[in-house]
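What follows is a single structure, written as structure tokens, with notes after it.
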2 protein chains.
Amino acid sequence: MHFMSESATTSLREQKRWETSQRITLCAQRLTDEHGLDGFTMDDLAGAAEVSRRTLFNYFPSKLDAVLGEHPEIPPAVLATFHTGGPHGDLVEDLAELARAVLAVKQPDRGQVELVRRLMSTNPRLLVAAHERFEGITEEFTELVLEREGAGFDRARARLLLRLLLALFDTALVELLQEGETRSLDELFEVQLATTRQLFTS
Amino acid sequence: MHFMSESATTSLREQKRWETSQRITLCAQRLTDEHGLDGFTMDDLAGAAEVSRRTLFNYFPSKLDAVLGEHPEIPPAVLATFHTGGPHGDLVEDLAELARAVLAVKQPDRGQVELVRRLMSTNPRLLVAAHERFEGITEEFTELVLEREGAGFDRARARLLLRLLLALFDTALVELLQEGETRSLDELFEVQLATTRQLFTS
DNA sequence: GACATGAAGTGCATTCTTGCACTATCAATC
DNA sequence: GATTGATAGTGCAAGAATGCACTTCATGTC
């Protein structure tokens with residue numbers, strides 16, 4: 001017979017872990033939207049996500065982290081390729097490849113992005129946490145670039161590049177909100193990337 | 001806040017275990033209905049019920065058992081009450097109380113009963129297994145009656161009583177199919193019980 | 001200010017789920 | 001009639017979810 005094949009690449013365990021993580025974050029975001037960050041308890045969230053309160057803390061170290069969701073994760077294989085000189089050899093193009101890998105894992109839709117942005121603007125603490133997280137990501141990837149390019153590469157230069165790419169990504173998110181439903185996030189990312197190239201290629 | 005109270009009497013663990021058990025059996029019955037007992041593998045069932053194949057065997061010792069579902073379980077408190085002379089002191093009435101406890105745990109609906117009966121008639125092996133199970137239940141409760149009533153009570157008499165009650169229960173199930181949706185199983189059980197009393201209380 | 005209350009977060013033992021390698025059987029095929 | 005392949009069922013170890021008791025901290029109340 002053979003129904004339910006879906007994807008042979010992820011074990012049942014990974015799949016369920018992912019679903020639970022997503023469910024927790026989605027519930028946390030909805031609760032925050034409806035009642036504010038302090039308007040619900042971890043017990044409420046546990047109930048909504050249908051897990052125990054303890055399990056919540058197995059997934060996320062704090063309430064804020066639960067709302068923000070899991071760090072974007074890049075498949076080790078893709079990361080390894082980047083580390084050894086990337087698939088194309090061009091730094092910018094290879095970083096873009098990493099971004100594509102992130103988008104391949106989970107493509108947030110318009111509603112998701114809209115909700116998260118609303119939460120940010122309503123709730124400063126979330127914004128702070130998100131900002132810190134982005135700082136962390138910047139550093140992390142800066143380090144990655146330095147490892148790849150060798151000690152000759154200037155740290156400040158790497159950091160600038162990462163900041164630029166994050167800004168580019170963020171712009172794509174805003175575009176997603178402004179557009180009708182015409183283009184998906186990965187498409188918009190490509191557009192921003194092309195435009196940026198055009199702008200700087202005199 | 002406090003949404004999601006539902007029932008404080010069952011722990012999250014018990015609740016999830018129950019749901020999984022029910023999901024497995026429901027899927028197993030549907031698969032049997034659509035493809036026959038040998039028309040699907042345990043792997044298929046695992047996929048349909050969204051658990052690992054191993055977990056299937058944690059719940060049920062065999063494929064047949066998965067299709068038949070879990071033994072009806074009576075809350076220990078109710079059982080203890082019966083054991084020490086029952087809530088009313090009248091043997092028949094107290095056994096009826098046990099039956100009510102079973103129905104209180106899970107009330108199968110018309111569709112469920114219909115499906116299971118169809119499976120039975122289509123698939124002899126299931127019927128055999130079900131029959132064996134009923135034999136087991138009879139013995140189990142016979143033992144219970146003997147423990148309660150003391151050694152003075154005749155084993156054959158206890159067994160007869162249990163057989164009668166099971167027949168009564170089975171009649172209620174058939175009635176559930178024949179009726180429109182007018183009465184639920186527990187109501188029908190009461191009707192059969194009353195009628196039986198009438199028949200034998202000359 | 002002492003004190004109670006409620007909620008976040010942690011440590012740890014228990015139970016459950018999964019993955020994987022294994023055996024046993026049965027049926028088809030050569 | 002040996003062999004191969006598919007499927008039922010089991011043993012065991014690793015990983016995940018739960019329950020519960022605990023600490024910490026903030027806020028409100030007397």
Side-chain angles (χ1 to χ4, degrees), chain A residues 1-25 27-28 31-32 35-68 70 73 123 125-126 128-129, chain B residues 1-25 27-28 31-32 35-68 70 73 123 125-126 128-129:
Chain A
M1 280 184 67
H2 260 300
F3 357 40
M4 279 279 148
S5 289
E6 289 213 2
S7 65
T9 56
T10 45
S11 75
L12 184 57
R13 237 176 201 154
E14 289 176 73
Q15 186 191 321
K16 286 197 168 181
R17 194 175 176 88
W18 173 253
E19 284 171 7
T20 301
S21 160
Q22 291 296 110
R23 195 171 60 251
I24 290 173
T25 295
C27 290
L31 285 173
T32 306
H35 307 102
L37 250 179
D38 295 324
F40 67 99
T41 68
M42 292 302 269
D43 263 302
D44 295 327
L45 178 54
E50 297 179 292
V51 294
S52 74
R53 201 180 78 100
R54 193 62 186 77
T55 297
L56 252 34
F57 288 102
N58 288 344
Y59 278 80
F60 300 102
S62 76
K63 203 181 194 181
L64 283 175
D65 286 295
V67 176
L68 287 181
E70 244 171 34
E73 199 162 351
N123 208 309
R125 280 155 62 204
L126 256 184
V128 171
Chain B
M1 283 184 64
H2 260 300
F3 357 39
M4 278 281 149
S5 288
E6 287 211 4
S7 64
T9 54
T10 43
S11 75
L12 184 57
R13 242 181 196 148
E14 291 175 71
Q15 185 191 321
K16 286 197 169 181
R17 195 176 175 86
W18 173 252
E19 284 170 6
T20 301
S21 159
Q22 291 296 110
R23 194 171 62 251
I24 290 173
T25 295
C27 291
L31 284 173
T32 306
H35 307 102
L37 250 179
D38 295 323
F40 67 99
T41 68
M42 292 303 268
D43 263 304
D44 295 328
L45 178 54
E50 296 179 292
V51 293
S52 74
R53 201 180 77 102
R54 194 61 185 77
T55 296
L56 252 35
F57 288 102
N58 289 343
Y59 279 79
F60 300 101
S62 76
K63 203 180 194 181
L64 283 176
D65 286 296
V67 177
L68 288 180
E70 245 172 33
E73 199 162 352
N123 208 311
R125 281 155 62 201
L126 257 184
V128 171

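Sequence lines set the chain letters: A, B, ... in the order given, protein chains first and strands last, and positions in each chain run from 1. From a predicted model like this one, the values you see are computed outputs, not experimental measurements.
Atom CG of B/L45 is separated from atom C1' of C/dT18 by 16 Å (rounded to the nearest Å). Atom P of nucleotide C/dG9 and atom CG of A/L56 are separated by 10 Å, given to the nearest angstrom. A/L37 has its CG atom 15 Å from the P atom of C/dA7, to the nearest Å. Distance, A/E14 CD to C/dG19 P: 9 Å, rounded to whole Å. Rounded to whole Å, atom C1' of D/dT18 lies 13 Å from atom CG of A/D43. Taking atom CG of residue A/D38 and atom P of nucleotide D/dC25, one finds them 18 Å apart after rounding to whole Å.
Between C/dG19 and A/S11, a contact under 4.0 Å exists linking OP1 or OP2 to a side-chain N or O. Contact check, A/Y59 against D/dA17: a side-chain N or O comes under 4.0 Å of OP1 or OP2. OP1 or OP2 of D/dT18 lies within a sub-4.0 Å distance of a side-chain N or O belonging to B/K16.
Put simply, the side chain of B/R53 never gets that close to the backbone of B/D43: no donor and acceptor are under 3.5 Å apart. Although no hydrogens or angles enter the test, the distance criterion places a donor-acceptor pair under 3.5 Å between the side chain of B/T41 and the main chain of B/D44.
Residues passing the side-chain hydrogen bond (donor to acceptor under 3.5 Å, both in side chains) test with A/T25: none are found, sequence neighbours excluded.
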Heteroatom pairs (N/O) under 3.5 angstrom, protein to nucleotides 9-12 of chain D:
{"from": "D/dG9", "atom 1": "OP2", "to": "B/K63", "atom 2": "N", "distance (Å)": "2.9"}
{"from": "D/dG9", "atom 1": "N7", "to": "B/R53", "atom 2": "NH1", "distance (Å)": "3.3"}
{"from": "D/dG9", "atom 1": "N7", "to": "B/R53", "atom 2": "NH2", "distance (Å)": "3.0"}
{"from": "D/dG9", "atom 1": "O6", "to": "B/R53", "atom 2": "NH2", "distance (Å)": "2.8"}
{"from": "D/dG11", "atom 1": "N7", "to": "B/R54", "atom 2": "NH2", "distance (Å)": "2.9"}
{"from": "D/dG11", "atom 1": "O6", "to": "B/R54", "atom 2": "NE", "distance (Å)": "2.6"}

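Counted within 6.0 Å of CD on A/E19, heavy atoms from surrounding residues, nucleotides or ligands total more than 12; the atom is thus considered enclosed. Residue B/Q22 places its CD atom among more than 12 non-hydrogen atoms of other residues, nucleotides or ligands, all under 6.0 Å distant.
Side-chain contact between A/E50 and A/T55 is absent, with no heavy atoms from C-beta onward closer than 4.5 Å.
Residue A/R13 has its side chain nearest to C/dT18 when only C/dT18, D/dA17, D/dT7 are considered. Listed candidates were D/dT18, C/dT18, C/dA8. Nearest to the side chain of B/T55 is C/dT18.
Less than 4.0 Å separates DNA chain C from no heavy atom of any residue of residues 17-24 of chain A.
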